[in-house]
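Quick note on labels: first sequence line is chain A, next is B, and so on, each numbered from 1. Here the structure is a predicted model, which is why all the values come from computation and not from measurement.
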Amino acid sequence: MIRYAINRILIVIPLLLALSVLLFLYVHAVPGDPIAGMLGPNGSPELIAQLRAERGLDRPLYVQYWDWISGLAQGDLGISLISGQQITPVVINRIPATFQLTFVSLFFTVLIGLPAGFLAGKYRGSWIDKILSPAALLGLSMPVFWIGTLLILILAVQLRWLPTGGYIPFAQSPVDSLRLTLMPALALGIHLSPFLARMVRATTIELQQEQFVVQARMKGLRSRTITYRYLLRNAIVPVLVVLGLQLGTLLGGQVIVEQLFNWPGVGRLLVEGAIQRDYLMVQSLILVVATIYVIVNLGVELLHAWLDPRVRL
Amino acid sequence: MNVVDTVNSMKPRFGRRTMSVPAGGVRAITLRAIIGHKRALLGAILTAVVVLMAIVSVFWTPFDPMAFDTGEPFTPPDFAHPMGTDVYGRDILSRIMAGSQVSLMVAAAAVAGALVMGTVIGLVAGYIGGVLDLAVTRVVDILLAVPGLVFALGIVALLGPSAQSVTIALSVVYTWQFARIVRSVVVSVRSRSYVEAARGLDASPLSIMVKDILPSVVPILIVQVTTALAWGILDEASLGFLGLGVQPPDPSWGSLLIEGRQYLYDAPWLPLGAGTMVVIAVLGVNLLGDGLREIVDPRAGRSTS
């Protein structure tokens, strides 16, 4: 197991380093001068040169790269192109909001996807199974901003149960904070759960034909015991794997949902950076997102290998 | 076998999955096969409706989509304005119709670009192999570590928000998906006897790639194109919704949805039309792609359903 883990980790490190080089080269090989583009018609050559020097963009590329990557290793994301301020404190400021949304979204995803998929698989061909398939198809064809807009129209505009958006820190008022998390997280949960439900359904169907389940049934074990101890427990494994793989969709969806619900998270910071063409900020944030994505997937893979020793072969 | 393979082998028929090479070879896609396949037919009809609407809008829309005061601002849906009017009294239906042009054009152009670049990269890397192949495989691995939408967002950040930037960004993101699939097909047919025979006849590598290998890639590419079109429509609307696509006052489905977000209490009907169109378009293309996948590889959908 330890050897397997070390092997996987050794693959991830060069991958992230290579990604950082690609990102850096791509950002610094933009045709035209982004600073001139940023200043627009007001940018005199002196002003452009001054800004370049202030942001350290007039140094040789390898020096800039080294500066960036060694800073990242110490948790320093560099400075913003627009404001010239440190990026790290801004990101740290936004992390609680993003984490809160992520966890509640995952909770809803599992809350919807796991029972739906499990019941559809267990009672194959029943009404719940027949509803699941078209519902999942519809869910997968619905953009997350559309699910969110519909939720706002129903829960906020029509029923007036919830505000249309906003954020209150959890520490300030836990109840209000969770109330505001409800809609964006539900939107993401509805967006992510169809995929999970289908995976769980497929696994449950396969499990019921497995030797150990058939044997348990023949031994005369109570059907409840079989359901909980044999089926549900084993159906949890794909849930973990799917959630890891779905993280990319979640991160992408979160960018949109944060925008829709005025949620001050990291995703919105990325969008703000993109709209302002603050490519120094975008470059660092993308690397952070990719690193989180890769590390979580590595974690899920190792967890999966630990739970299911066949994977290690 | 790692997690990705495990999951790929269990993946459902939808979602961002890319097709693998069927073990028993592929079947031809014919019109009769599409008509005979219920889901493919429904998908084709939905897609045709959306495309038709875009074509009609080039020549005719109920009102000029850019004209102010075609009716009172915030008129609820009625006979003259079936989808109501916005804050400037512009007709929403006309704007949705005109917006469909942008959405479909961006998606189609992005996929076409990715198709050409991805096929060339995949063919050459898969056929020539060696260091080039290794480099392409590694780049694909690295780029897959960045969620697609985030990657596209980064490219738009560099180019500045516009429809062209979105097209280029999506094209770049999808290219590697195409390259990966084409490469896998090429590697699997590279050593088949008919390719060996062509090599024995002293055919040039270019001729072998185009005449002997490319035809076996085509059916899988057709399926991949439909899948990518569904992503394209979704991603264009998403980037438009983030304010990174078409800039106001030009309409697109994504930008209509932002405008809808601003006036939810005054005019809750504003986002309904554009959102429904996105769902219809994506659902149609997804159904068509799903059907085509089963036509190409009849065993694809049967494993669990």
Engineer: In terms of heavy-atom proximity below 4.5 Å to chain B, should A/Leu23 be classed as side chain, backbone, both, or neither?
Structural biologist: neither
Engineer: Less than 4.5 Å to any heavy atom of chain A: does that hold for the side chain of B/Ile233, its backbone, both, or neither?
Structural biologist: neither
Engineer: Roughly how far, to the nearest 0.5 Å, is OG of B/Ser252 from CG of B/Leu239?
Structural biologist: 10.0 Å
Engineer: Would you mind checking which part of B/Leu257 comes under 4.5 Å of any heavy atom in chain A, side chain (CB onward), backbone (N, CA, C, O), both or neither?
Structural biologist: side chain
Engineer: Tell me which of these, A/Val282, A/Leu153, A/Val255, A/Val294, has more heavy-atom pairs under 4.5 Å with chain B than the rest.
Structural biologist: A/Leu153
Engineer: Does some side-chain heavy atom of B/Val102 sit less than 4.5 Å from a side-chain heavy atom of B/Trp253?
Structural biologist: no
Engineer: At a heavy-atom distance under 4.5 Å, which candidate from A/Leu16, A/Ile275, A/Thr149, A/Leu251 has the highest pair count against chain B?
Structural biologist: A/Ile275
Engineer: Ignoring hydrogens and angles, tell me if any N or O in the side chain of A/Gln276 forms a donor-acceptor pair with the backbone of A/Ala274 under 3.5 Å.
Structural biologist: no
Engineer: A/Leu22 versus chain B, heavy atoms under 4.5 Å apart: side chain, backbone, both or neither?
Structural biologist: side chain
Engineer: Using a 4.5 angstrom heavy-atom cutoff, name the option from A/Leu250, A/Asp129, A/Ile152 with the most pairs to chain B.
Structural biologist: A/Ile152
Engineer: Report yes if some heavy atom in the side chain of A/Met199 is under 4.5 Å from a heavy atom in the side chain of A/Val239; otherwise report no.
Structural biologist: no
Engineer: Should B/Thr276 and A/Trp146 count as side-chain neighbours, where that means a heavy-atom distance under 4.5 Å?
Structural biologist: yes
Engineer: Can you tell which of A/Ile256, A/Leu287, A/Leu285, A/Thr291 has the highest number of heavy-atom pairs within less than 4.5 Å of chain B?
Structural biologist: A/Ile256
Engineer: Report which part of B/Ile155 has an atom under 4.5 Å of a heavy atom belonging to chain A: side chain, backbone, both, or neither.
Structural biologist: both
Engineer: Quick check: do B/Trp231 and B/Gln177 have side-chain heavy atoms less than 4.5 Å from each other?
Structural biologist: yes
Engineer: A quick test of your reading: do over 12 heavy atoms of other residues, nucleotides or ligands sit less than 6.0 Å from CE of B/Met105?
Structural biologist: no
Engineer: Of the listed residues (B/Ser238, B/Pro161, B/Ala274), which shares the most heavy-atom pairs with chain A below a 4.5 Å separation?
Structural biologist: B/Ser238
Engineer: With a 4.5 angstrom heavy-atom cut-off, which part of B/Leu242 approaches chain A: side chain, backbone, both or neither?
Structural biologist: both
Engineer: Evaluate side-chain contact (heavy atoms from CB on, under 4.5 Å) for A/Val257 paired with A/Trp263, printing each intermediate quantity in order.
Structural biologist: CA-CA 8 Å; A/Val257 164; A/Trp263 192 265; over 6 Å; no
Engineer: Which region of A/Ala136, side chain (C-beta onward) or backbone (N, CA, C, O), has a non-hydrogen atom less than 4.5 Å from a non-hydrogen atom of chain B, or is it both or neither?
Structural biologist: neither
Engineer: Is it the side chain or the backbone of A/Val289 that comes within 4.5 Å of chain B heavy atoms, both, or neither?
Structural biologist: side chain
Engineer: For a side-chain contact (heavy atoms from CB on, under 4.5 Å) check, start with the C-alpha distance between A/Lys122 and A/Arg201, then their side-chain angles and the critical distance, and finish with the verdict.
Structural biologist: CA-CA 8 Å; A/Lys122 179 124 198 312; A/Arg201 176 181 177 272; over 6 Å; no
